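Because only heavy atoms are used, hydrogens play no part in the values below, and waters and symmetry mates are left out as well, while side chains stay in. Atoms within a ligand are numbered from 1 in the order they appear, just like the ligands themselves. Here the structure is a predicted model, which means the values were calculated and not measured.
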Amino acid sequence: MVNRAVFLDRDGTINEEVGYVNHIERFHLLPRVGQAIRLLNQHGWKAVVITNQSGVARGYFPESLIHEIHKKMEGLLKKEGAHLDGIYYCPHHPDVGVPPYRQKCRCRKPATGLIEEAVKKLDLDASASYSIGDRGMDIEFAHQVGAKAILVLTGYGKGEWEYFRDRWKVKPDYVAEDLFGAVQWILRQESHKSKIPPPPL
Ligand SMILES: [Mg+2]
Ligand SMILES: [Zn+2]
């Protein structure tokens, strides 16, 4: 396991939180997101999106829309010189809709099925990785695999932080204004680490 990743939530972290992105025209990147992901690319971090899309199970949109939206997302990022190394989504819900989408799956965050898939595919060290998201659930999710967790105040972030943080089982390692702020913090952490001198022999 040689690579390090930053696991990125999608809605409210990369794009505007609109409830459910049930049409391609409702997908809009948040400010500074292209810049943030480009920075990760330049510093050798794998940028991996992990997103719950229970709108499929709920019957709000077809699974094919997720693929269309992800194509749009990658196109918009490309224009900013940024790319994603993986995109993983869960279309399920444990008790809404019809099978196969209605199921108690292992991939719906905070379950870790999708991270495990990414770890295998991209040869990742999850414990040396970070996760960025706008919900308390994203924090819990990161800590389950030993990754550090950053809450962003975009999307549901501000409300989550203000009204729910006392109830969270785990606290974020950092709270950032947005994705760009979160990435800057990660890079600062890592540059401090590399400045620590090696222990004497
Ligand atoms: Mg989100
Ligand atoms: Zn799932």
Hey, is CZ on Arg106 packed in by over 12 heavy atoms from elsewhere, all under 6.0 Å?
no

O (Asp11) - the Mg ion (ligand 1) - OD2 (Asp9) angle, nearest 10°
90°

Check His92 and report its N/O/S atom nearest to the Zn ion (ligand 2), by atom name.
ND1

Angle at the Zn ion (ligand 2), SG of Cys105 to SG of Cys107, rounded to 10 degrees, please.
110°

Specify whether an N/O/S atom of Asp134 falls short of 2.8 Å from the Mg ion (ligand 1).
yes

Verdict with supporting geometry, Lys109 and Asp138, side-chain contact (heavy atoms from CB on, under 4.5 Å):
CA-CA 7 Å; Lys109 293 188 283 187; Asp138 292 307; 2.9 Å; yes

Can you tell me if NZ on Lys72 sees more than 12 non-hydrogen neighbours from other groups inside 6.0 Å?
yes

Distance from Cys107 atom SG to Ile50 atom CD1, nearest 0.5 Å?
10.5 Å

